[in-house]
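So the structure is just underneath, and the comments pick up after that.
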Amino acid sequence: SKVKDMSAEVVDSNPYSRLMALQRMGIVKNYESIREFSVAIVGIGGVGSVAAEMLTRCGIGRLLLYDYDKVELANMNRLFFRPEQVGMTKTDAAVQTLSDINPDVVLESYTMNITTVQGFDTFMSSLKNKSFRPNKEGSGVDLVLSCVDNYEARMAVNQACNELNQTWMESGVSEDAVSGHIQLLIPGETACFACAPPLVVASGVDERTLKREGVCAASLPTTMGYNSLKDFFPTMEMKPNTQCSNVACLERQKEFLHVKPARDAAARAK
Ligand code: ATP
Ligand code: ZN
């Protein structure tokens, strides 16, 4: 009937206008494929919630959200969470807000600690689940974003991604929120999070005792690059450590030695 046709048109116009925005930005050529992509976001705090909202507005296909915490009044000075969501788990509150913004995104809420044995297990199996795109190669997600605030959780993400050969990004913001870092980690190809231990591990102190102005103790000091006051954003490439303590990292490094020559040759042929 006519009524049905109309509603179908309204629903269709929504993702289309989102894709138009992506097209206009002109950053990626295959902007239409964003609807096929799954992104896992660990930590729905200051960084994770904003990343989730941006991806939702761009029309991402599926988001997997992990956090063990509840929304508190203390979080209200940040963007994203609303006062009436106090007491809800951060992942459930995020699903509520994100589905209002864009109902086409498939949203999965995982309220749990990824560093416990059971939590890590659930984390792994959720990343492996391919029901959204059954013929996808590798894991069931295209990218993992680490938006946590402590070393332990970063090491858990590192472990999972090394085991699954999963590309991921690590983020850190300093206590004064003026500087931060972003690190792209490709197992076997770039340094993993255990390849170069951060300040806190190298110096053997408890990260909770190491609170210094402008320093994010849980992050790599070497990649603490961005300074928003000076608008200074240095970049560097870190090769994997052949002595890395992470067994899965060493396995990925071995695999990459076989892949690399063919890839370099293909790049030269272009
Ligand atoms: P702040 O720490 O500055 O008070 P916040 O509580 O929003 O702010 P952020 O540092 O912005 O925290 O975000 C980190 C998020 O990562 C938090 O929501 C926290 O609950 C979550 N997180 C940290 N460790 C884990 C973990 N092991 N498993 C699941 N979620 C985690
Ligand atoms: Zn490593």
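Atoms within each ligand, like the ligands themselves, are counted from 1 in listed order.
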With a heavy-atom distance limit of 4.0 Å, tell me whether [X] approaches ligand 1 through its side chain, its backbone, both, or neither.
X: Asn150; answer: side chain
X: Glu152; answer: neither
X: Ala74; answer: neither

Side chains of Asn102 and Thr56: donor-acceptor distance under 3.5 Å anywhere? no
Cut-off 3.5 Å, side chains only: do Thr111 and Tyr66 have a donor facing an acceptor?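 No, no side-chain donor-acceptor pair sits under 3.5 Å.
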If only atom types and distance count, is the side chain of [X] paired as donor or acceptor with the main-chain N or O of [Y] below 3.5 Å?
X: Arg62; Y: Arg133; result: no
X: Thr116; Y: Gly119; result: yes
X: Thr115; Y: Ala156; result: no
X: Arg57; Y: Ile101; result: no
X: Gln183; Y: Glu170; result: no
X: Asn158; Y: Phe193; result: yes
X: Asp67; Y: Ile44; result: yes
X: Lys136; Y: Ser139; result: yes

What atoms of ligand 1 come within less than 4.0 Å of a heavy atom belonging to [X]?
X: Met112; value: 28 (N), 29 (C)
X: Ala153; value: 24 (N), 27 (N)
X: Gly43; value: 15 (C), 16 (O), 21 (C)
X: Thr115; value: 27 (N)
X: Asn113; value: 26 (C), 27 (N), 28 (N)
X: Lys90; value: 5 (P), 6 (O), 7 (O), 17 (C), 18 (O)

Protein N/O/S atoms under 2.8 Å from the Zn ion (ligand 2): how many? 4
Under the side-chain hydrogen bond (donor to acceptor under 3.5 Å, both in side chains) rule, collect the residues that match up with Arg82, sequence neighbours excluded. Glu84, Thr97
Regarding atom 28 (N) of ligand 1: of the candidates Thr89, Val148, Ile114, which has the closest heavy atom? Ile114
